[in-house]
Amino acid sequence: MDRKSELAGNLERVEEEIAAALKLAGRSRSEVTLIVVTKNFPASDIELLYQLGVRDFGENRDQEAREKIPQVNRGIGDGVRWHFQGQLQRNKLASIGSWADMVHSIDDVKYLKGLSDAALKTERKIQALIQISLDEFPNPERAGTDRAGAAEILSTYESQKSALAGLSIVGVMAVAPLNSPAKSAFIRLNKVFTELRGDFPHLRVISAGMSGDFTQALLTGATHLRIGSSILGSREAGR
């Protein structure tokens, strides 16, 4: 089987699972954005997925994305939306802000200005999500903030909006914890989102759900899915 046929079959199976979950939830496919996570996979896979109708691609590492994006642009031109979902570092903000259309992983006010300035420098505007920690106990190896931290980020953004014109915070993101059921964690995420939205009604995005748990995420309100291995296969086999 050639690579395009392999990707097409995987994508079709994922879409069938998405459709089944949305039917159970009484939701429409138009409510959900599928982001294919292409970390460790080449630009050629992105080009094939683009031919199959995918437009949103996620990367976790800035250096890899910066090497890959020019190759993709040469192959297919405009039309791809790039998502950064890795842990942020202050020394990478200028670079990430120059290519990402959506950043999923803001968990501290210290990242706002750098991302906004980078977007403005390239005459762009970044959509941003606040990463919520769903771990029962703090884990320094896993990014994210709690509801209070998210509210602080949003309050800071609202009070400094004129100085952060390159950024628009539109929702929340989370990764399911390692040792507890994903669905209950995503229910907590939806609760945090709803509470935040009470004070910040412009919020509209819940980024949750990966290859192993996207069905549960859809049943609890996710609007953006971040799916890699179910479509691309094992990362160790990335070409």
Side-chain angles (χ1 to χ4, degrees), residues 1-60 65 68-69 71-73 75-86 100-105 127 129 134 170-176 181-187 189-190 193 204-239:
M1 182 185 298
D2 64 27
R3 183 60 169 160
K4 186 173 183 180
S5 298
E6 178 186 359
L7 293 173
N10 292 344
L11 184 62
E12 183 178 6
R13 282 189 290 274
V14 166
E15 285 288 356
E16 288 171 353
E17 292 183 50
I18 290 172
L22 290 173
K23 185 176 181 180
L24 281 176
R27 301 176 62 197
S28 165
R29 180 65 180 85
S30 62
E31 298 176 40
V32 176
T33 298
L34 170 60
I35 303 161
V36 178
V37 181
T38 48
K39 179 182 73 173
N40 291 346
F41 288 90
S44 58
D45 279 352
I46 297 174
E47 293 174 22
L48 293 173
L49 286 163
Y50 185 91
Q51 294 169 22
L52 295 168
V54 178
R55 293 295 180 269
D56 291 84
F57 297 93
E59 292 286 334
N60 291 52
K68 200 179 293 183
I69 288 171
Q71 299 174 49
V72 173
N73 289 343
I76 59 181
D78 296 332
V80 169
R81 291 180 292 271
W82 294 102
H83 299 253
F84 179 79
Q85 52 209 35
D101 296 296
M102 180 177 278
V103 173
H104 291 235
S105 49
Q127 292 187 319
L129 306 178
L134 297 178
V170 296
V172 298
M173 180 275 263
V175 178
K183 187 173 182 181
S184 60
F186 292 148
I187 289 171
L189 176 64
N190 190 288
F193 171 78
R204 55 183 174 78
V205 171
I206 300 176
S207 172
M210 299 188 291
S211 288
D213 55 26
F214 67 85
T215 295
Q216 295 94 317
L218 289 170
L219 293 173
T220 52
T223 64
H224 287 56
L225 307 176
R226 311 181 306 275
I227 300 178
S229 58
S230 290
I231 294 172
L232 287 153
S234 168
R235 297 203 187 286
E236 287 72 21
R239 299 158 177 75

Atom pair CG (L7) and CG (D2), whose distance is rounded to the nearest 0.5 Å: 9.0 Å
Close side-chain approach of R27 to T223, heavy-atom, < 4.5 Å: yes
Among all residues two or more places apart in sequence or in another chain, which pass the salt bridge (charged side-chain N to carboxylate O under 4.0 Å, His left out) test with E17? none
For D213, which residues count as a salt bridge (charged side-chain N to carboxylate O under 4.0 Å, His left out) partner, sequence neighbours excluded? none
Least distance between heavy atoms, G221 atom then I206 atom: O-CD1, 3.7 Å
For side chain to side chain contact (heavy atoms under 4.5 Å, CB included), just list the numbers for I35 and H224, CA-CA rounded to whole Å, side-chain angles, deciding distance to a tenth of an Å, and then say yes or no. CA-CA 7 Å; I35 303 161; H224 287 56; 4.1 Å; yes
Are side-chain N/O atoms of R226 and S207 paired as donor and acceptor at under 3.5 Å? yes
Could you tell me which non-hydrogen atom of V14 sits nearest to which non-hydrogen atom of S230, and how far apart they are? CG2-CB, 3.8 Å
Drop me the distance from R55's CZ to D101's CG, to the nearest 0.5 angstrom. 13.5 Å
Heavy atoms only: give me the nearest A208-L189 pair and the separation to one decimal. CB-CD2, 3.8 Å
Which heavy-atom pair separates A176 from F186 by the least distance, and what is that distance? CB-CZ, 3.8 Å
Please report the interatomic distance CG(L219) to CG(N190), rounded to the nearest 0.5 Å. 11.5 Å
Parallel, tilted or perpendicular: which fits the ring planes of W82 and F57, with parallel below 30° and perpendicular above 60°? tilted
Could you give me the CA-CA distance, side-chain angles and deciding distance for V170 and M102, then say whether side chain to side chain contact (heavy atoms under 4.5 Å, CB included) is met? CA-CA 10 Å; V170 296; M102 180 177 278; 4.1 Å; yes
Roughly how far apart are S44 OG and K4 NZ, rounded to 0.5 Å? 12.5 Å
Using the rule given for side-chain hydrogen bond (donor to acceptor under 3.5 Å, both in side chains), can you reason through T38 versus E59, listing the C-alpha separation, both sets of side-chain angles and the distance that settles it, and then say yes or no? CA-CA 6 Å; T38 48; E59 292 286 334; 2.6 Å; yes
Between S105 and Q85, the two heavy atoms sitting closest are OG-C, 4.0 Å
Between Y50 and V72, is the side chain to side chain contact (heavy atoms under 4.5 Å, CB included) condition met? List the steps. CA-CA 10 Å; Y50 185 91; V72 173; over 6 Å; no
Roughly how far apart are L232 CG and I46 CD1, rounded to 0.5 Å? 8.5 Å
V175 side chain reached by L134 side chain, heavy atoms, under 4.5 Å: no
Locate the shortest heavy-atom distance separating R29 from L34; write the atom from each residue and the value. NH2-CB, 3.8 Å
Side chain to side chain, V54 and I231, heavy atoms closer than 4.5 Å: no
Enter the distance from S234:OG to N40:CG here, rounded to the nearest 0.5 Å. 9.5 Å
Salt bridge (charged side-chain N to carboxylate O under 4.0 Å, His left out) with R13: which residues, sequence neighbours excluded? none
Indicate yes or no for a side-chain donor-acceptor contact from T215 to the backbone of A21 under 3.5 Å, with no hydrogens or angles considered. no
Output yes when a side-chain donor or acceptor of K68 lies under 3.5 Å from a complementary backbone atom of F41, and no otherwise. yes
